[in-house]
Amino acid sequence: MKCNLLILRGPGLLPLGLSFPPSQQGIAYSLHKSSSPLNIHSHFFTSSSLISSRSKVFCHICLAVISDSFRSCADFLYDMGDSQYSFSLTTFSPSGKLVQIEHALTAVGSGQTSLGIKASNGVVIATEKKLPSILVDETSVQKIQILTPNIGVVYSGMGPDSRVLVRKSRKQAEQYQLLYKEPIPVTQLVRETAAVMQEFTQSGGVRPFGVSLLVVGYDDKGPQLYQVDPSGSYFSWKASAMGKNVSNAKTFLEKRYTDDMELEDAIHTAILTLKEGFEGQISGKNIEIGVIEADRTFRVLTAAQIEDYLQEVE
Amino acid sequence: MSRGSGGGYDRHITIFSPEGRLFQVEYAFKAVKAAGVTSIGVRGKDSVCVVTQKKVPDKLLDPTSVTHLFPVTKFLGLLATGTTADARTLVQQARNEAAEFRFKYGYEMPVDVLARWIADKSQVYTQHAYMRPLGVVAMVLGIDDENGPRLFKCDPAGHFFGHKATSAGLKEQEAINFLEKKMKNDPEFSYDETVQTAISALQSVLQEDFKASEIEVGVVRKENPVFHVLSTEEIDEHLTAISERD
């Protein structure tokens, strides 16, 4: 049986090697042409019914080989444009808006409140840690993450999406360190993370990240606080909040913020801001606080330390 | 005025809806419930136990092949609630990943690392349009060298948490309410108490008394950190103990 080997990208798998007798090349071609993602699967199956039994066997063998060799999920991240979805899902509306990004911001706005305050001698970030049930082991969850010894991050929005960004950022920071033999400056890391987020608003077959990040660090330029949005835009802030209670929190911060604040004041202000919109009893177990000072070591406060601060605030 | 929900595709693939939701992920959760099975997991002081219904829809089926409880390695178990086909895919990939981990790093994959890996894979499906999320909630259990018995639950959205006790499937919420009452004061259950709490939770939520052949029970214990599926005789012992206790 004379065959022509056609390499098609199957959905999310290694290339599908399909062999069709020349007379049925037309069918294979129409498979390739069809751009509607919803019809891809039905086209594949109808065409296979027209193939002779020998080539059907070949198809089955190919598929068996492929399904036995799944790649790790890290590889998935590298072939974003290489799928049947080689068109962007985030497209302009007639009014010039990118609606998927707006919806992503809505998703962030329904996430748990988090905030950050830059003081003269350090930065503090804080977030609510509301768990879905008392059965959840709160020690298994940590929302505030360390990116490098002197850079930390907190998110508002979709937790799983933030894990992807944290992983990527950590890798980028390490690569910088390896290349330049010095720790990555905060601005550089923020820029690279934001670039990743922007990629996912333009690449094929992916949706934007449903998280906003607050990245804090202390480097040669002093204490810094950046907010990165799902669109990939980022700004440096003196104090910022994101998530559910954002407008009240920002008003509160605007009133309370002073340029010459010290870190201890900033921590107290952060706690008070969280308390404003907090439902239920605030305690060391349902909020998280991360700080970085002139010692340039980012650390997450323990529940006991948070309790001490809560006592001071009372 | 913006164009609206991306042409109506927000229900078909995992892009955002105007309210910032991912409908495909929410539908995946519904698919887990549609399987019609409820599962419960409980963590005790030195053991973890998971229980699930064993529904054999046809008498002609070989009941030993109907299972939701899978050993991923000798020491890690996975209880997959939801669509069986998706469950088998997940287990196959998890087994591969755990074996590679052992080979690459020279020590057994810890529970939380496996749970994180499953959750991260699920997250990829929620962000890339060409793969749908799996309709499976996975409960991973094992004994951690440093932290003792551990129970993690991973869902189609990519979330994963460690749990003291949890549930998944059709009667998930009722079971969680029941378990919250039981675990309120952070009790430290012995092995027998752990198993019996899990089984009696399932019985109370589904309001029926089970025979040993109608449920599957999997355990890991500190003394013997191997993942072990209980035989019908062992299940019977626990069922008798429960009925005598009441």
Side-chain angles (χ1 to χ4, degrees), chain A residues 9-12 37-38 40 67-70 72-74 76-77 79-80 83-85 89-95 97 99-111 131-141 157-161 163-164 167 200 204-210 230, chain B residues 1-7 9-10 12-22 42-43 89 92-93 96-97 100 112 115-117 119-132 147 150-153 155 157-167 176-177 179-180 183-184 186:
Chain A
R9 286 279 181 178
L38 305 172
I40 277 292
S67 53
D68 274 347
S69 54
F70 272 89
S72 74
C73 63
F76 276 75
L77 292 171
D79 75 343
M80 292 178 317
S83 54
Q84 297 287 18
Y85 285 78
L89 299 173
T90 309
T91 51
F92 284 108
S93 71
S95 57
K97 288 201 263 186
V99 274
Q100 274 296 299
I101 297 181
E102 311 230 335
H103 300 336
L105 284 163
T106 317
V108 170
S110 47
L131 296 167
S133 156
I134 57 162
L135 296 174
V136 173
D137 184 356
E138 71 275 354
T139 57
S140 75
V141 183
M158 303 169 76
D161 287 6
R163 288 204 305 273
V164 175
R167 178 177 283 121
F200 277 71
V206 291
R207 62 163 174 82
F209 284 98
Chain B
M1 186 61 198
S2 64
R3 218 181 49 182
S5 56
Y9 275 108
D10 55 350
H12 297 285
I13 51 175
T14 46
I15 57 175
F16 283 113
S17 75
E19 308 86 51
R21 293 158 65 183
L22 294 172
V42 178
R43 182 184 86 188
T89 318
Q92 192 61 22
Q93 291 171 26
N96 191 47
E97 190 59 29
E100 275 185 20
D112 58 320
R116 181 181 299 267
W117 183 84
D120 284 343
K121 206 158 187 71
S122 310
Q123 191 281 336
V124 172
Y125 299 148
T126 72
Q127 195 164 25
H128 292 251
Y130 57 82
M131 290 281 258
R132 64 165 173 81
N147 298 319
R150 278 252 164 293
L151 171 68
F152 281 86
K153 186 169 84 168
D155 62 27
H159 285 116
F160 80 106
F161 293 119
H163 288 268
K164 302 166 196 166
T166 189
S167 161
I176 289 190
N177 296 341
L179 290 166
E180 278 182 1
M183 310 284 286
K184 213 186 219 173
D186 272 328

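Just so it is clear, the values below take in all heavy atoms, side chains as well, and ignore hydrogens, waters and symmetry mates. Given the structure is predicted, the values throughout are model-derived calculations rather than measurements. Letters go in sequence order (proteins before strands), and every chain restarts at 1.
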What part of [X] gets within 4.5 angstrom of chain B, counting heavy atoms only: side chain, backbone, both, or neither?
| X | value |
| --- | --- |
| L89(A) | side chain |
| L131(A) | side chain |
| V136(A) | both |

Closest approach of [X] to [Y] (non-hydrogen atoms, all atoms of both residues):
| X | Y | answer |
| --- | --- | --- |
| G20(B) | A107(A) | O-CB, 3.3 Å |
| S133(A) | I176(B) | OG-CG2, 4.0 Å |
| F16(B) | F209(A) | CZ-C, 4.4 Å |

Pick one of side chain, backbone, both or neither for [X], based on which atoms fall under 4.5 Å of a heavy atom in chain A.
| X | value |
| --- | --- |
| L151(B) | neither |
| E180(B) | both |
| R21(B) | neither |
| T126(B) | both |
| A157(B) | backbone |

message = Applying salt bridge (charged side-chain N to carboxylate O under 4.0 Å, His left out), can you list everything that pairs with D161(A), at least two apart in sequence or on another chain?
response =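 Only R207(A) meet the salt bridge (charged side-chain N to carboxylate O under 4.0 Å, His left out) criterion with D161(A).
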
request  = Taking salt bridge (charged side-chain N to carboxylate O under 4.0 Å, His left out) as the test, write out the residues that go with R116(B), two or more places apart.
outcome  = none

Between R43(B), K153(B), M183(B), the one whose heavy-atom pairs under 4.5 Å with chain A are most numerous = R43(B)

inquiry  = As an exercise, state the distance from NZ of K184(B) to CD1 of I134(A), rounded to the nearest 0.5 Å.
reply    = 7.0 Å

message = I'd like to know which of V108(A), L135(A), T106(A) tops the heavy-atom pair count under 4.5 Å against chain B.
response = L135(A)

key: Check: S17(B) and H103(A) side chains under 4.5 Å, non-hydrogen atoms   =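 H103(A) vs S17(B): side chains apart.
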
query = Is D120(B) close to R163(A) at the side-chain level, that is, under 4.5 Å between some pair of heavy atoms?
reply = yes

task = Report the C-alpha separation of D137(A) and H163(B) in whole Å, then their side-chain angles, then the decisive distance to 0.1 Å, and conclude whether the side chain to side chain contact (heavy atoms under 4.5 Å, CB included) test is met.
result = CA-CA 5 Å; D137(A) 184 356; H163(B) 288 268; 5.8 Å; no

